[in-house]
There are 2 protein chains.
Amino acid sequence: MDQDIISELRRRGYRITTARRAVVSSLVGATGHLTADQVAHTVKATNPDVDTSTVYRTLGLFEDLGIVEHAHLGHGPAVYHLGKTHQHLVCEVCGAVIDVPVEALDVLALELRERYGFQIRPGHFALTGRCDQHAVSE
Amino acid sequence: MDQDIISELRRRGYRITTARRAVVSSLVGATGHLTADQVAHTVKATNPDVDTSTVYRTLGLFEDLGIVEHAHLGHGPAVYHLGKTHQHLVCEVCGAVIDVPVEALDVLALELRERYGFQIRPGHFALTGRCDQHAVSE
DNA sequence: GTAAGTGCAAATGATTTGCAGATGT
DNA sequence: ACATCTGCAAATCATTTGCACTTAC
């Protein structure tokens with residue numbers, strides 16, 4: 001799985017460096033979403049001399065190549081993830097994150113399309129609200 | 001309209017200061033969404049000695065009191081607005097902002113509620129995508 | 001060998017905070 | 001009078017950038 005990405009990079013003419021390998025491992029080894037800083041920490045565990053700015057540049061490159069995506073879950077730093085786009089639901093009380101397939105927004109997308117001529121591209125910003133445990137019973 | 005807010009503040013025991021008056025005027029006089037910095041600029045036009053940090057504090061207070069809300073339209077600074085909550089649609093090509101009533105998300109809210117036990121509270125983050133002019137015809 | 005990639009340090013942009021002084025009530 | 005507000009300067013947090021040096025190819 002690491003290898004797929006490495007090959008992809010090579011195939012596209014990008015150089016395979018220690019930093020890039022380490023970022024790939026960090027992303028592949030993680031379940032879920034990581035901030036750039038968390039990626040940097042994981043990376044530094046094995047490669048202490050990789051700089052955080054390089055991690056940012058690497059994540060930026062991977063994003064341009066469609067290998068990773070970033071999303072905003074709240075007021076803090078952005079989070080990065082591999083794999084296909086999904087919509088994040090974030091509980092404003094406990095911070096719990098639920099990943100839902102973008103298809104869950106299909107009906108909404110259609111409605112906004114028809115009514116406002118607007119095509120949404122879900123996933124970039126979370127939908128905030130309250131999880132089951134912290135629901136407000138009106 | 002300025003006066004409603006001023007009275008509200010007074011009624012709740014907050015002090016009426018030059019800075020607060022000026023922030024209220026700025027918000028009332030503007031159509032749409034302003035960044036804290038834009039509010040600060042408007043304020044400084046008549047009251048040059050009001051500091052930007054005071055504008056932030058004032059907006060923060062107004063938000064706590066339910067007088068204003070802030071939303072995130074993209075990677076830049078947050079925007080503040082008076083009035084009732086609405087959902088922002090932001091074109092990722094031209095930055096155009098469309099305001100839609102939160103009721104447009106009712107169907108989605110219901111679905112997410114049933115399927116994931118999650119209650120969304122729309123409006124805090126924009127939905128990004130493409131406006132009519134910049135639609136991708138797949 | 002050479003361009004692409006990197007570390008480092010410094011810059012940026014948005015927002016927050018500590019504190020001593022000013023001001024609304 | 002006295003607590004609340006404010007200006008100012010400095011701190012913070014996430015992210016970006018300039019530049020000289022390294023390294024993958």
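Just so it is clear: chains get the letters A, B, ... in the order the sequence lines come, proteins before strands, and each one is counted from 1.
Going from atom CG of L9(B) over to atom C1' of dT4(D) covers 13 Å, rounded to whole Å. Atom CG in L59(A) sits roughly 15 Å away from atom P in dA14(D) (whole-Å rounding). Atom NE2 in H72(B) sits about 11 Å away from atom C1' in dA14(C), given to the nearest Å. dT16(D) atom P lies 11 Å from atom CG of D64(A), rounded to whole Å. The nearest whole Å value for the distance from the CZ atom in R20(A) to the P atom in dG7(C) is 11 Å. The distance between atom CG of L61(B) and atom P of dC5(D), rounded to the nearest whole Å, is 7 Å. Distance Q38(B) CD to dT15(C) P: 11 Å, rounded to the nearest Å. Following rounding to the nearest Å, N47(B) (CG) and dT23(C) (P) show an atom-to-atom distance of 13 Å.
Using a distance-only test at 3.5 Å, with no hydrogens or angles considered, a donor-acceptor pair links the side chain of T58(B) to the main chain of T54(B). In terms of modelled atom types and a separation under 3.5 Å, the side chain of H81(A) and the main chain of V79(A) share no donor-acceptor contact. Remark: the backbone N or O of F118(A) is not paired with any side-chain donor or acceptor of R130(B) at under 3.5 angstrom.
If you check the side chains of T18(A) and N47(A), you find no donor sitting under 3.5 Å from an acceptor. With no hydrogens or angles considered, no side-chain donor-acceptor pair links D37(A) and T35(A) at under 3.5 Å.
For residues 49-76 of chain A, every residue pair satisfying the ring-ring contact (aromatic ring centres under 6.0 Å, His included) rule, not counting sequence neighbours, is listed here: H70(A)-H72(A), H70(A)-Y80(A), H70(A)-H124(A), H70(A)-H75(B), H72(A)-H124(A), H72(A)-F125(A), H72(A)-H75(B), H75(A)-H70(B), H75(A)-H72(B), H75(A)-H124(B).
Nearest-nucleotide assignment on DNA chain C puts the 5′-proximal partner with V55(A), out of Y80(B) and V55(A).
Taking the six-membered ring for Trp and thresholds of 30 and 60 degrees, H88(B) and H33(B) have ring planes more than 60 degrees apart, a perpendicular arrangement.
The phosphate of dG7(C) has OP1 or OP2 within less than 4.0 Å of a side-chain N or O from T54(A). Remark: T17(B) is in phosphate contact with dT6(D), judged by side-chain N or O atoms under 4.0 Å from OP1 or OP2. For Y56(A) and dT15(D), the shortest distance from a side-chain N or O to OP1 or OP2 is below 4.0 Å. Put simply, T35(A) has no side-chain N or O that comes within less than 4.0 Å of OP1 or OP2 on dA14(D).
Within 4.0 Å (heavy atoms only), D37(A) reaches no atom of the nucleic acid at all.
The base of dT4(D) sits with one of its N or O atoms less than 3.5 Å from a complementary donor or acceptor on the side chain of R15(B).
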Set out, line by line, the N/O atom pairs under 3.5 Å between protein and nucleotides 18-20 of chain D.
unit_1  : atom_1 : unit_2 : atom_2 : d
dG18(D) : O6     : R57(A) : NH1    : 3.3

